[in-house]
Every structure is written in structure tokens, then in C-alpha cells.
Amino acid sequence: MSNQAPNEARVIPLRPPAARPGTARPLSERPAAQPPAAKEPLWRDLIGDVLRRERLAQERTLKDVADEARISMPYLSEVERGRKEASSEVLAAAAHALGLGLGDLLSLAHRELARQPGRSRTTTTSPYNGLCLVA
């Protein structure tokens, strides 16, 4: 027996056969176009919107809330705009500075998520109504 490897390379295609140039299927064989799926909002955007809305409803400045929460004003601004994923400690501090508990902030964000257009309204048997937080 020979331990010599065969002189052939195994080729693994990077694209499915229909996606390769020159191998397109006729229109009658192509699957129907699917409508684009509704894009889920990011959690940081929802939280930021709730924080900003609550701050503006109280007619408070960004500086005032940031000082009371003991976080920097630029960082709070980034959180409100959904540009930063804030830690639970930062979210709790910002919520408390606005007179809210962390649970209140999460509840308001959950309501905002449920109100999003295009969200499927499936019924669940869970007492949490679809809200799941993982540590």
C-alpha cells in the first residue's frame, strides 16, 4: 500500500449552483420574491428613547440628569441616542435620576417594543408576556 495522497484537490463551491454566473435558472423555476422582514429595533435604541422622553417630559437638561446619575454628560447623550450599550448600573443610575426604578424603565421600553409596527402579536402562556432578560 502506498501512503501517497492522490493528486486531486477537492473543490468546495462557495456559492450554491444557482448563484454562480452562467448557471441561473429560468424565471419559471425561481422561487417567488419574499417581502423584506420588518427589522427588529435594537434594545439600546428603545432604552435611549425612553430615557430621553422621560427627561424631556420632566423638562430637565442632559447635564442635570447626568450630574444626578453621576455619569458623564457625553456618555448619557450617547446612551439616549442609542449609540452605547449601557450597563445595568448605568441604566439604573439614569432611571433613578429621573425618579424611575430600573423595572419602570424596562417596562416602558417593553411597551415601546410591543407598540412597534409590524410586530407579530403572538399569544403566550408565559406570565411575563414575552419579556425575557438574561444576565
Side-chain angles (χ1 to χ4, degrees):
M1 281 206 171
S2 170
N3 289 337
Q4 194 172 7
N7 220 3
E8 297 175 18
R10 190 170 143 214
V11 177
I12 301 171
L14 297 177
R15 293 185 220 148
R20 287 193 206 131
T23 61
R25 292 185 289 189
L27 286 176
S28 61
E29 294 180 16
R30 293 184 190 169
Q34 305 248 338
K39 190 174 180 181
E40 290 281 339
L42 296 176
W43 184 246
R44 66 178 185 238
D45 290 330
L46 293 169
I47 292 291
D49 288 344
V50 169
L51 287 172
R52 177 167 282 173
R53 190 171 46 247
E54 288 298 314
R55 179 177 61 79
L56 294 175
Q58 295 177 19
E59 298 180 356
R60 295 178 65 188
T61 66
L62 197 59
K63 181 173 179 11
D64 174 44
V65 174
D67 287 347
E68 189 171 332
R70 299 178 59 105
I71 56 180
S72 75
M73 188 175 66
Y75 188 75
L76 180 58
S77 173
E78 295 276 305
V79 170
E80 282 189 356
R81 289 183 288 147
R83 303 233 174 156
K84 295 289 183 189
E85 287 276 359
S87 68
S88 58
E89 291 87 358
V90 168
L91 292 178
H96 288 133
L98 292 166
L100 301 170
L102 185 57
D104 299 325
L105 177 64
L106 299 179
S107 178
L108 290 169
H110 176 256
R111 277 191 225 136
E112 184 68 27
L113 179 63
R115 198 177 332 165
Q116 294 289 321
R119 292 264 310 150
S120 62
R121 305 281 194 259
T122 58
T123 58
T124 65
T125 58
S126 169
Y128 303 107
N129 196 22
L131 180 62
C132 177
L133 300 175
V134 178

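The shown structure was predicted, so the numbers you read here are calculated from the model rather than taken from an experiment.
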- Message: Working to the nearest 0.5 angstrom, can you tell me the gap between E68 CD and L76 CG?
- Response: 11.5 Å
- Note on the structure: Of all heavy-atom pairs linking L113 and E40, the shortest is CD1-OE1, 4.4 Å
- Message: With rounding to the nearest 0.5 angstrom, report the CZ to OG distance, R52 to S77.
- Response: 6.0 Å
- Query: Does the R55 side chain pair with the main chain of E80, one donor and one acceptor, at a distance under 3.5 Å?
  - Reply: no
- Note: W43 and A109 closest approach over all heavy atoms is CH2-CB, 3.7 Å
- Message: Give me the atom names and distance for the closest heavy-atom approach of A94 to V65.
- Response: O-CG1, 4.5 Å
- Task: Any chance you could measure L102, atom CG, to S107, atom OG, to the nearest 0.5 Å?
- Result: 11.0 Å
- Between CD of E85 and CG of L42, what distance do you get to the nearest 0.5 Å? 7.5 Å
- Item | Flag, side chain of R44 to backbone of K84, donor-acceptor distance under 3.5 Å | no
- Message: Tell me the closest heavy-atom pair linking A66 and M73, and the distance in Å.
- Response: CB-CA, 3.7 Å
- In a check of side-chain contact (heavy atoms from CB on, under 4.5 Å) between V50 and each of L91, L108, D45, which one passes? L108
- Rounded to the nearest 0.5 Å, what separation is found between the CG atom of L46 and the CG atom of L106? 11.0 Å
- Note on the structure: So the salt bridge (Lys or Arg N to Asp or Glu O under 4.0 Å) pairs with at least one residue in residues 103-112 (sequence neighbours excluded) are R53-E112, E112-R115
